Amino acid sequence: MLEAAFWDGVEQFNHRQFYECHDTLEAIWMEAMEPDRTFYQGVLQIAVALYHLSNGNGRGATMLLGEGLRRLGRYTPDYGGVDVEQLVHQSAAILEDLQQRGPEQAAELWRSLSTSLDCEAPCLPTIYPVR
């Protein structure tokens, strides 16, 4: 059973409050035991990557997206009521796009992600409950 505070972090993540999500998840990650600990860390790293991307830090975003995806990979397709597969899919699409554009294009990628209504193209990830 995931911490109740995790769901507060999910709400922050889904409202694009990535820095606040980082603070919320870091507090529970530091106290968590495995296997929840690594799961929290993976989601936390995706949130921080998106925060970096929003600030034009392509290198930081690339590194943390990769780390977060690596950690979350073992939790697919779902974990603790979270559709991890969807989060991984959406985050991997951003990482691929960022790698193709290059880290210096992070601000441009952020603008396209934050205004896109078409999630066939890469869009900002959303954490969904398992259906």
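Just so it is clear, the model here is predicted, and its values are computed rather than measured.
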Find out whether [X] and [Y] are in side-chain contact, i.e. whether some heavy atom of one side chain is under 4.5 Å from a heavy atom of the other.
{"X": "His89", "Y": "Pro125", "result": "no"}
{"X": "Arg59", "Y": "Met63", "result": "no"}
{"X": "Ser114", "Y": "Leu124", "result": "yes"}
{"X": "Asp83", "Y": "Pro129", "result": "no"}
{"X": "Glu34", "Y": "Phe39", "result": "no"}
{"X": "Leu2", "Y": "Tyr40", "result": "yes"}
{"X": "Leu113", "Y": "Leu53", "result": "yes"}
{"X": "Tyr128", "Y": "Gln90", "result": "yes"}

Applying side chain to side chain contact (heavy atoms under 4.5 Å, CB included), run through Val82 and Phe6 and close with a yes or a no.
CA-CA 11 Å; Val82 173; Phe6 173 76; 3.7 Å; yes

Please verify the inter-ring angle class for Tyr19 with Tyr51; under 30° counts as parallel, over 60° as perpendicular, anything in between as tilted.
tilted

How are the rings of Phe18 and Trp110 set relative to one another: parallel (under 30°), tilted (30 to 60°) or perpendicular (over 60°)?
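Phe18 and Trp110: perpendicular rings.
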
Please assess Thr126 against Arg16 for the test side chain to side chain contact (heavy atoms under 4.5 Å, CB included), listing each intermediate value before the final yes or no.
CA-CA 9 Å; Thr126 299; Arg16 312 307 182 221; 3.3 Å; yes

Might you point out which heavy atoms bring Gly9 and Cys21 nearest each other, and give the distance in Å?
O-SG, 3.4 Å

Residues Pro35 and Arg74: closest non-hydrogen pair is CB-NH2, 4.0 Å

Can you tell me how far [atom2] of [Y] sits from [atom1] of [X], rounded to the nearest 0.5 angstrom?
{"X": "Met30", "Y": "Leu25", "atom1": "CE", "atom2": "CG", "answer": "13.0 Å"}
{"X": "Leu109", "Y": "Leu95", "atom1": "CG", "atom2": "CG", "answer": "10.0 Å"}
{"X": "Ile94", "Y": "Thr62", "atom1": "CD1", "atom2": "OG1", "answer": "11.0 Å"}
{"X": "Glu3", "Y": "Asp36", "atom1": "CD", "atom2": "CG", "answer": "7.5 Å"}
{"X": "Leu64", "Y": "His22", "atom1": "CG", "atom2": "NE2", "answer": "9.5 Å"}
{"X": "Arg37", "Y": "Ile28", "atom1": "CZ", "atom2": "CD1", "answer": "11.5 Å"}

May I have the step-by-step check of side chain to side chain contact (heavy atoms under 4.5 Å, CB included) for Leu98 and Gln105, ending in yes or no?
CA-CA 7 Å; Leu98 184 56; Gln105 297 297 315; 5.8 Å; no

Is there a side chain to side chain contact (heavy atoms under 4.5 Å, CB included) between Ser91 and Gln86? Walk through the geometry before answering.
CA-CA 8 Å; Ser91 300; Gln86 183 69 19; over 6 Å; no

With no hydrogens and no angle check, do the side chains of Thr24 and Gln12 hold a donor and an acceptor under 3.5 Å apart?
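Note: Thr24 and Gln12 side chains meet the donor-acceptor criterion.
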
Result for side chain to side chain donor-acceptor pair (under 3.5 Å) between Asp97 and one of Gln99, Arg101, Gln100 points to Arg101

For residues Val43 and Met1: do they belong to one hydrophobic cluster (side chain heavy atoms under 4.5 Å, members Ile, Leu, Val, Met, Phe, Trp, Tyr)?
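No; Met1 is not reachable from Val43 via cluster members.
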
Cluster question for you: counting only ILVMFWY and a side-chain heavy-atom cut-off of under 4.5 Å, with indirect links fine, are Phe13 and Trp7 together?
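Phe13 and Trp7: one cluster.
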
Strictly below 4.0 Å, N to O, side chains only: are Arg70 and Glu67 in salt-bridge contact?
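A salt bridge links Arg70 with Glu67.
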
Heavy-atom neighbours of Glu108 CD exceed 12 at 6.0 Å:
yes

Given side chain to side chain donor-acceptor pair (under 3.5 Å), test Arg111 with Ser54 step by step and report yes or no.
CA-CA 8 Å; Arg111 279 190 298 278; Ser54 75; over 6 Å; no

